A.B. asks: 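Got a structure for you, written out below as structure tokens; questions coming shortly.
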Amino acid sequence: MDRADFFEQVYQVVRLIPRGRVTSYGTIAAYLGTKGSSRMVGYAMNGAHTVHPPVPAHRVVNRQGLLTGKHHFESPSRMQELLEAEGIAVLNDQVQHFKKLFWDPALELDLEA
DNA sequence: GCGTTGACGAGGA
DNA sequence: GTCCTCGCCAACG
């Protein structure tokens, strides 16, 4: 990735998240090398619904497994519905078995090549 | 041009 | 263990 914008890189990683898995903003940020700019990842998701192909932003939660960004979806309950549709249990805006469903790009992709 | 906000996270008390 | 503070960088008012 030479010239890819930070936003676009975020979208790219999010699209790689397998179905039924979740990750956190900070993890994505760290993967992109901008660990400190975890906020920018969340902000980038702000335009997730404007890019193509669409970004599964519902698979991205904060490091606590909380659906902090659900209010940015079409409907506050939309995010939870999408997650449950993938087999992810969500209770009180929190992903159950978060640690187990956690998906780390640097770990799963393991691109050392 | 300046101050505030924000889909976060880590570190210190 | 919880609570508070700082950093990060872009967008918005």
Side-chain angles (χ1 to χ4, degrees):
Chain A
M1 312 47 173
D2 319 310
R3 300 304 221 71
D5 293 326
F6 176 73
F7 277 40
E8 192 168 320
Q9 291 193 47
V10 173
Y11 301 145
Q12 185 111 13
V13 175
V14 175
R15 287 196 209 107
L16 292 175
I17 303 174
R19 178 184 170 288
R21 290 293 202 84
V22 293
T23 193
S24 67
Y25 303 94
T27 301
I28 295 172
Y31 177 71
L32 296 178
T34 55
K35 184 182 172 193
S37 318
S38 50
R39 277 184 160 170
M40 292 298 89
V41 176
Y43 200 90
M45 305 316 289
N46 206 304
H49 64 98
T50 67
V51 297
H52 290 269
V55 178
H58 58 280
R59 292 179 188 155
V60 185
V61 296
N62 68 349
R63 102 173 175 83
Q64 302 176 60
L66 278 188
L67 281 55
T68 50
K70 68 175 191 172
H71 276 282
H72 289 257
F73 281 77
E74 305 169 55
S75 170
S77 60
R78 182 70 184 183
M79 190 172 185
Q80 182 173 332
E81 290 177 13
L82 291 170
L83 289 171
E84 292 182 330
E86 298 186 351
I88 301 176
V90 178
L91 181 63
N92 193 19
D93 297 339
Q94 183 174 342
V95 176
Q96 303 299 298
H97 308 292
F98 175 63
K99 187 176 181 181
K100 188 171 108 179
L101 298 175
F102 191 80
W103 180 83
D104 189 339
L107 187 65
E108 299 291 326
L109 297 179
D110 189 26
L111 41 62
E112 75 288 333

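Source: prediction; values computed, not measured. A note on names: the letters A, B, ... follow the listed sequences, proteins ahead of strands, and every chain is numbered from 1.
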A.B. asks: Rounded at 0.5 Å granularity, tell me how far CD1 in A:I88 sits from CD in A:Q80.
C.D. replies: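 Rounded to the nearest 0.5 Å, the CD1-CD separation comes out at 11.0 Å.
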A.B. asks: Any side-chain heavy atom of A:T34 sitting closer than 4.5 Å to one from A:M40?
C.D. replies: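 No; the side chains remain at least 4.5 Å from each other.
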A.B. asks: For A:T34, which contact category applies under a 4.0 Å heavy-atom criterion: base, sugar-phosphate, or nothing?
C.D. replies: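 Here A:T34 touches no strand at all.
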A.B. asks: Mind checking the P distance from C:dT5 to B:dT5? Whole angstroms is fine.
C.D. replies: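 To the nearest whole Å, 15 Å.
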A.B. asks: Going hydrophobic residue to hydrophobic residue with side-chain gaps under 4.5 angstrom, can you get from A:I28 over to A:V22?
C.D. replies: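 No; A:V22 is not reachable from A:I28 via cluster members.
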A.B. asks: Evaluate whether atom CZ of A:R63 has more than 12 neighbouring non-hydrogen atoms of other residues, nucleotides or ligands under 6.0 angstrom away.
C.D. replies: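 No - once you tally the heavy atoms of other residues, nucleotides and ligands closer than 6.0 Å, there are 12 at most.
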A.B. asks: Starting at CD of A:Q64 and ending at C1' of B:dC8, how long is that distance when rounded to a whole Å?
C.D. replies: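 In whole Å, B:dC8 C1' lies 10 Å from A:Q64 CD.
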A.B. asks: Is the shortest heavy-atom distance from the side chain of A:V61 to the side chain of A:T68 under 4.5 Å?
C.D. replies: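 Not touching, per the 4.5 Å side-chain cut-off.
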A.B. asks: Supply the atom-to-atom distance A:L83 CG to A:M79 CE, rounded to the nearest 0.5 angstrom.
C.D. replies: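 Interatomic distance, A:L83 CG to A:M79 CE, rounded to 0.5 Å: 5.5 Å.
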A.B. asks: Which residues within residues 65-79 of chain A lie with some heavy atom under 4.0 Å of an atom in DNA chain B?
C.D. replies: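 Contacting residues: A:T68, A:G69, A:H72, A:F73.
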A.B. asks: In the structure I gave you, are the side-chain heavy atoms of A:T23 and A:F102 within less than 4.5 Å of one another anywhere?
C.D. replies: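 They are in side-chain contact.
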A.B. asks: With a 4.0 Å cut-off on heavy atoms, is A:A57 in touch with a base, just the backbone sugar-phosphate, or nothing at all?
C.D. replies: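 Base contact.
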A.B. asks: Would you give me the side-chain donor-acceptor pairs under 3.5 Å for residues 12-20 of chain A, sequence neighbours excluded?
C.D. replies:
residue, atom, partner, partner atom, Å
A:R15, NE, A:P53, O, 3.2
A:R19, NH2, A:A85, O, 3.3

A.B. asks: Report yes if some heavy atom in the side chain of A:V10 is under 4.5 Å from a heavy atom in the side chain of A:V60; otherwise report no.
C.D. replies: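 Answer no - side chains too far apart.
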A.B. asks: Can you check nucleotides 10-13 of chain B for protein contacts, nitrogen or oxygen pairs under 3.5 Å, and list what you find?
C.D. replies:
residue, atom, partner, partner atom, Å
B:dA10, OP2, A:R63, NE, 3.3

A.B. asks: Pull out every residue in residues 45-53 of chain A that has a heavy atom closer than 4.0 Å to any atom of DNA chain B, ordered by number, or say none.
C.D. replies: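 Contacting residues: A:M45, A:N46.
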A.B. asks: Sugar-phosphate means primed atoms, P, OP1 and OP2; the rest is base. With that split, encode nucleotides 7-13 of chain C 5' to 3' as B, S or - using protein heavy atoms under 4.0 Å.
C.D. replies: BBBSS--
A.B. asks: Compare all side-chain heavy atoms of A:Y25 with those of A:M45 and state whether any distance is below 4.5 angstrom.
C.D. replies: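 A:Y25 vs A:M45: side chains touch.
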A.B. asks: Restricting to non-hydrogen atoms, name the atom on A:Y11 and the atom on A:V51 that form the minimum distance, rounded to 0.1 Å.
C.D. replies: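 Nearest heavy atoms, A:Y11 then A:V51: CE1-CG1, 3.4 Å.
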A.B. asks: Per the side-chain hydrogen bond (donor to acceptor under 3.5 Å, both in side chains) rule, what does the pair list look like for residues 36-58 of chain A, sequence neighbours excluded?
C.D. replies: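 As it turns out, the side-chain hydrogen bond (donor to acceptor under 3.5 Å, both in side chains) pairs with a partner in residues 36-58 of chain A, which skip direct neighbours, are A:H58-A:E86.
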